[in-house]
Enquirer: 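Here it is, the structure in full.
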Number of protein chains: 2
Amino acid sequence: MSANKPITVPNKAANTCKVCHARELCLSSCLNEDELNRFDDIIGDRASLNRGECLFMAGNKIKSLFILHSGSVKTYVESADGDMQITGFHFSGDIIGIHGIENSMHGDTVEALETSSVCELRFTSLDEITTVFPKLQDQLMQYIFREMCHEQTMMLVLGKMSADRRLAHFILDISARLSEHGLSATNINLTMTRHDIANYLGLAVETVSRLLTRFQKMGIITVQRRLLTIFDIDALQDIYDQNESHIPKASIGKLNAANHMRL
Amino acid sequence: MSANKPITVPNKAANTCKVCHARELCLSSCLNEDELNRFDDIIGDRASLNRGECLFMAGNKIKSLFILHSGSVKTYVESADGDMQITGFHFSGDIIGIHGIENSMHGDTVEALETSSVCELRFTSLDEITTVFPKLQDQLMQYIFREMCHEQTMMLVLGKMSADRRLAHFILDISARLSEHGLSATNINLTMTRHDIANYLGLAVETVSRLLTRFQKMGIITVQRRLLTIFDIDALQDIYDQNESHIPKASIGKLNAANHMRL
DNA sequence: CGTTATCTTGACCACATTCAACTTGAGTGG
DNA sequence: CCACTCAAGTTGAATGTGGTCAAGATAACG
């Protein structure tokens, strides 16, 4: 198959940050043109992952930071007895590999949900990148804080919320993040399986399935296999906020609307 | 006793980092004597907190980093409808206030579990401290990674584990961390209430209480009020790892105790 | 076209919550 | 010092949410 020009050979010229479609979402978005050129130099060739393939696994030594260029991945941790917990889903522009631990090893595993590509950012010690590109430090820290905030929210979701609230949270979260990425907030292609969703939310697959059909019967969404369409996002928000109905919501002032957690 | 020297007036000389009892646990542990002197200068007076008082609350602007000098605190996040989830407990030496979010506001609230004191590390932007003390950056990052790792583990605990595994995890975690702080690993003073423990583990208070008495009847621990004594730490580890315990569980009623293990 | 993975739906039931009563200890004031 | 109050914790019984088991439907794939 495809003899003289294998697609696996990266075309560096076509892969520069300058012409990257995900540039505004990327860590490098804060750099000017000159800096971008230098940044481009330290970016390795883009690696490609097929569905099910792992970028790295828990226990691997941390040698690089990755930026997801296209596609989507899930990250998960495992317990001693093999239990696994999905800790997050990531889309293009997201930084992957910051969950390092003391001994410079990854604590989580990153697995592609579909064919995906990542830009590799090699470094020997963490401050190397920030000394070369001081501007990136703030950017990186913001991303780290965002992740911590997300994890804290998940602790709240997993620790306190009922199954329907969890699923509402998941749909709202995915919707908001995909729309940040310039994709439709209401027409969503779920790249993860029901199993993944259930695992992420601490539920059984059957429960997720049942709730999806329940939401569907309520006229809030439709789901056909992996295609999710949101009709009534306010209703989802009300389920998540545990409001009785979505009509009289505005009357009761939501004081810290500004303080809402990342969705 | 000691009337002429009110304890509320901070005695700066007596409070220098040099003579701090928690120095090896502190962020400053990596600094040499000269650096420590300079570090000492930017540390404000030690603030004191009584039980129930908050160091800062979610929504407050981040102006400082804190290092817990003595005592213990809990941190928690809240949802729109008032649900709260305790995200962690912290002891002396721990860094408090790194869970910042995009807009430079705290996402969580820190509340003292007992009379505690903190050292304040003011900064206007995050990189100020790391440029003045480059050595601290690695130290700080290690702490951040540790926190992220802890949060991921909690997602696993909350999402996948049964009540007894959760409690076993809590006891093991507290034990290990207190022993890192030079305290006894087996003789533990619980500064948090049962409510706090239950909330942290995503359980009802009654469940925690029942499990504590069950562990006690199994001969693994004793609990008297806030005093927890661990007799068989291996048994706790086995419960956490979901191994068949080497101690015959069946001896104490609860036949189904062996059956509710997930396969 | 058959095989397999993914998803849905139903029936049952267990774990943990909820509700409620009671015990214990700490703090307060007479 | 005791009586009182209130918060914290324990224990029992009933209820229910969500898990497990099992079977069937649908889509994906070689």
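Throughout, a chain's letter reflects where its sequence line sits, starting with A, and its residues are numbered from 1.
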Enquirer: Using whole Å, what does the distance between atom P of nucleotide D:dA28 and atom CG of A:L190 come to?
Expert: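 In whole Å, D:dA28 P lies 13 Å from A:L190 CG.
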Enquirer: Consider the side chain of B:S162, meaning its heavy atoms from C-beta on, and name the nucleotide among D:dA8, D:dG9, C:dA16 that approaches it most closely.
Expert: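 Of all the options, the side chain of B:S162 is nearest to C:dA16.
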Enquirer: Between atom CG in A:L113 and atom P in C:dA5, what is the gap in whole Å?
Expert: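 In whole Å, C:dA5 P lies 18 Å from A:L113 CG.
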Enquirer: Name the closest nucleotide to the B:E206 side chain, picking from D:dT11, D:dA22, C:dC7.
Expert: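 The answer is D:dT11, which lies nearest to the side chain.
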Enquirer: Classify the nucleic acid contact of A:R210 as base, sugar-phosphate or nothing, counting any heavy atom under 4.0 Å across all strands shown.
Expert: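 A:R210: base contact, heavy atoms under 4.0 Å.
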Enquirer: Is a donor from one side chain sitting under 3.5 angstrom from an acceptor on the other, for A:T75 and A:T87?
Expert: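 Side-chain D/A pair, A:T75 to A:T87: present.
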Enquirer: Give the rounded distance in Å between these two atoms: CZ of B:R226 and C1' of C:dG25.
Expert: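 Atom-to-atom, B:R226 to C:dG25, this comes out as 11 Å.
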Enquirer: Whole Å only: how far is the NZ atom of B:K217 from the C1' atom of D:dT11?
Expert: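 Going from NZ in B:K217 over to C1' in D:dT11 covers 9 Å.
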Enquirer: Between A:E114 and A:K74, is there a side-chain N and carboxylate O pair less than 4.0 Å apart?
Expert: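 No salt bridge links A:E114 with A:K74.
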Enquirer: Reckon B:S209 has a side-chain N or O less than 4.0 Å from the OP1 or OP2 of D:dT11?
Expert: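 The answer is no; no side-chain N or O of B:S209 sits under 4.0 Å from OP1 or OP2.
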Enquirer: With the threshold set at 4.0 Å, does a side-chain nitrogen-carboxylate oxygen contact exist between B:D241 and B:R165?
Expert: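 Judged by the 4.0 Å cut-off on N to carboxylate O distance, B:D241 and B:R165 do not form a salt bridge.
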Enquirer: Please state how far atom CG in B:L158 lies from atom C1' in C:dC15, giving the value in whole angstrom units.
Expert: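 One finds 16 Å between C1' of C:dC15 and CG of B:L158, rounded.
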Enquirer: Among C:dT17, C:dA16, C:dT9, find the nucleotide with the atom closest to the side chain of B:A204.
Expert: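 Closest nucleotide among those given: C:dT17.
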Enquirer: So if I take every side-chain heavy atom of A:R194 and compare against C:dG25, C:dT8, D:dG19, which nucleotide ends up nearest?
Expert: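 Closest nucleotide to the A:R194 side chain: C:dT8.
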Enquirer: Hey, which of these two, A:L203 or B:L212, hits DNA chain D nearer its 5' end, going by closest nucleotide?
Expert: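 Checking each residue's closest nucleotide, the 5'-ward one belongs to B:L212.
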Enquirer: Whole angstrom is fine here: how far is it from NZ in A:K160 over to P in D:dT17?
Expert: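 Rounded to whole Å, this separation is 18 Å.
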Enquirer: Base, sugar-phosphate, or nothing: which does B:T193 touch, judged by heavy atoms less than 4.0 Å apart?
Expert: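 Counting heavy atoms under 4.0 Å across all strands, the contact made by B:T193 is with sugar-phosphate only.
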Enquirer: Which of the following nucleotides, C:dT17, D:dA8, D:dT10, is nearest to the side chain of B:T207?
Expert: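 In terms of side-chain proximity for B:T207, the closest of C:dT17, D:dA8, D:dT10 is C:dT17.
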Enquirer: Does atom NE2 of A:H195 have more than 12 heavy-atom neighbours, drawn from other residues, nucleotides or ligands, at distances under 6.0 Å?
Expert: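 Not more than 12 within 6.0 Å, no.
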Enquirer: Just the rounded figure in Å: distance from P of D:dT17 to CG of A:D164.
Expert: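 Whole-Å distance recorded here is 10 Å.
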Enquirer: Does B:R166 reach a base, just sugar-phosphate, or nothing at all? Heavy atoms under 4.0 Å.
Expert: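 Nothing, no heavy atom under 4.0 Å.
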Enquirer: How many Å lie between CD on B:E114 and P on D:dA8, as a whole number?
Expert: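 Roughly 16 Å, once rounded to whole Å.
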Enquirer: Is there a donor-acceptor contact under 3.5 Å linking the side chains of A:T191 and A:S72?
Expert: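 Yes, side-chain donor-acceptor contact under 3.5 Å.
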